[in-house]
Amino acid sequence: MASGGGDNELEVSNKQVIFKNYVSGFPKESDMYLNTNGTIKLKVPEGSNGLLVKNLHLSCDPYMCNLMKKPISSTTNSFEPGSPIFGFGVAKVVDSGNPKFKKGDLVWGKSGWEEYSLITDVQNLLKIEHTDVPLSYYTGILGMPGLTAYSGFYDVCSPKKGEYVFISAASGAVGQLVGQFAKLLGCYVVGSAGSKEKVDLLKNKFKFDEAFNYKEEPDLDAALKRYFPEGIDIYFENVGGKMLDAVLLNMKTHGRIAVCGMISQYNLEKLEGVHNLVHMIYKRVHMKAFVFSDYYHLYPKFLDLVLPHIAEGKIVYLEDIAEGLESGPAALVGLFSGLNVGKQVVLVAQE
């Protein structure tokens, strides 16, 4: 519904996913609610260098669970109770106060979980130049997860042809790409996932050499020794906890571990300890944590690599798309019980 006189004053309804209050443990759908009474003017305020955008695709990512918790220091970021949650998304510029962007531009970056957002910090907002791929790819393979996979694998892990690579949460938004990058380089690749369907995807769609369902492995150390009898050169860490402990027993000398995430720990009130760190000394293992935002400077190089691979069908990408903003809370919460198959996206509107 729209109201107002001239186009400059046009005010429209603006559905929003509102964060209720800080959570402990697993987030629930009821920790969020859909506000259908909001409105917004489709005009950037006078003097602002921000953007007014129409959100098209929103990204569901595991790190968002951490933003639902009470901030533990002044430097940690959290959602604000009573306000829309936010995350990465793809949007179309409706009005611009910034010379770098114009009406009609497509962009990806941080945005609110709402139909329209006023974005005042445009520093890390990137214009979408390549539109011959699905726009939703900019929440995944061409967005934050893609740059995460690229920088974590190529920069942090320094891989070489023929090395043995293990990826946990391998069918997720990042893991499925790391595995394909490793295969293109000529590595031997094994992934773990949480269902038979996901294991089949890893082997058949993403062309992993092997994959296993960690839920069916009572002894993770024995499972890893089965797939890596000579040890692991590279471990791309998405899970933490017991899986990390088992991996530390199976790393090769001078192995590398890229710590991307630890989804098994995000919803625990008391974090699990890691007991096998001493093996890092024996094997001289290099273990480094990283975040993708340290690697924005590599984004053009990343696109040069991945766009031709997509066009040639050498890299495939699987999405799990929930339709409508109202489906967002269930889609986000579903990440933590493994309901999604592939990159979880919320379709808010068609372009």
Side-chain angles (χ1 to χ4, degrees), residues 13-23 27-40 42 44-45 48-72 74-95 98 101 106-128 135-136 138-140 143-145 147-148 173 261 266 291-293 296 321-322 324-336 340 343-349:
S13 61
N14 189 29
K15 281 192 288 193
Q16 301 171 306
V17 174
I18 303 293
F19 179 52
K20 277 189 185 174
N21 211 340
Y22 299 122
V23 305
K28 306 181 295 295
E29 284 183 58
S30 58
D31 294 320
M32 300 160 270
Y33 69 92
L34 189 73
N35 175 29
T36 58
N37 298 320
T39 61
I40 190 169
L42 296 184
V44 172
S48 168
N49 70 341
L51 302 177
L52 197 289
V53 301
K54 178 181 181 179
N55 291 308
L56 305 177
H57 303 273
L58 297 173
S59 178
C60 297
D61 296 297
Y63 79 89
M64 295 170 73
C65 174
N66 294 329
L67 302 183
M68 293 184 168
K69 296 174 180 174
K70 198 167 188 177
I72 53 176
S74 58
T75 58
T76 56
N77 210 359
S78 290
F79 297 140
E80 190 175 324
S83 295
I85 67 171
F86 54 83
F88 288 93
V90 174
K92 188 171 188 175
V93 177
V94 175
D95 188 39
N98 191 294
F101 301 93
L106 293 163
V107 296
W108 77 267
K110 287 273 182 76
S111 191
W113 275 41
E114 51 193 350
E115 291 177 295
Y116 296 90
S117 293
L118 177 64
I119 301 175
T120 54
D121 181 7
V122 300
Q123 184 179 350
N124 291 325
L125 206 63
L126 297 176
K127 193 183 296 187
I128 293 173
L135 284 178
S136 57
Y138 287 90
T139 68
M144 181 272 286
L147 186 55
T148 299
Y266 294 159
V291 292
F292 94 103
S293 54
Y296 271 121
I321 297 180
L325 190 62
E326 61 280 357
S327 68
L332 178 57
V333 169
L335 286 180
F336 302 102
N340 60 302
K343 167 65 191 166
Q344 184 67 68
V345 183
V346 177
L347 172 64
V348 182

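FYI, the numbering just counts along the sequence from 1.
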Colleague: Is there a donor-acceptor contact under 3.5 Å from the side chain of Glu115 to the main chain of Lys15?
Modeller: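 Yes; at least one donor-acceptor contact below 3.5 Å.
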
Colleague: Which of these passes ring pair (Phe, Tyr, Trp, His ring centres under 6.0 Å) with Phe19: Phe79, Phe86, Trp113?
Modeller: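 Only one of Phe79, Phe86, Trp113 forms a ring pair (Phe, Tyr, Trp, His ring centres under 6.0 Å) with Phe19, namely Phe79.
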
Colleague: Closer than 3.5 angstrom, by distance alone: can the side chain of Asp95 be matched with the main-chain N or O of Val44 as a donor-acceptor pair?
Modeller: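 Yes, because the side chain of Asp95 sits within donor-acceptor range (under 3.5 Å) of the backbone of Val44.
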
Colleague: In sequence, state the C-alpha distance, the side-chain angles, and the governing distance for Asn55 and Leu325, and then conclude on side-chain contact (heavy atoms from CB on, under 4.5 Å).
Modeller: CA-CA 10 Å; Asn55 291 308; Leu325 190 62; over 6 Å; no

Colleague: Donor-acceptor pair, Lys110 side chain versus Val122 backbone, under 3.5 Å?
Modeller: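 Looks like no, no N/O pair under 3.5 Å.
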
Colleague: So, Lys20 side chain and Ser30 main chain: donor-acceptor pair closer than 3.5 Å or not?
Modeller: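 Indeed, once roles are kept as given, a pair shorter than 3.5 Å links the two residues.
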
Colleague: If we only count heavy atoms from C-beta on, is the Thr139 to Trp108 side-chain gap below 4.5 Å?
Modeller: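 Of all side-chain heavy-atom pairs linking Trp108 with Thr139, none is under 4.5 Å.
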
Colleague: So does Asn49 get a backbone contact from the side chain of Asn98, meaning a donor-acceptor N/O pair under 3.5 Å?
Modeller: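 It does hold such a pair.
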
Colleague: Could you walk me through whether Lys92 and Leu135 pass side-chain contact (heavy atoms from CB on, under 4.5 Å), step by step?
Modeller: CA-CA 11 Å; Lys92 188 171 188 175; Leu135 284 178; over 6 Å; no

Colleague: Using the ring-ring contact (aromatic ring centres under 6.0 Å, His included) criterion, which residues pair with Phe88? Sequence neighbours excluded.
Modeller: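 Here the qualifying residues are Phe292.
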
Colleague: Test of understanding: with side-chain contact (heavy atoms from CB on, under 4.5 Å), list the residues that count as partners of Lys127, not counting sequence neighbours.
Modeller: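 Here the qualifying residues are Phe101, Asp105, Glu129.
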
Colleague: The criterion is salt bridge (Lys or Arg N to Asp or Glu O under 4.0 Å); which residues satisfy it with Lys54, sequence neighbours excluded?
Modeller: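 For Lys54, no residue satisfies salt bridge (Lys or Arg N to Asp or Glu O under 4.0 Å) once neighbours in sequence are set aside.
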
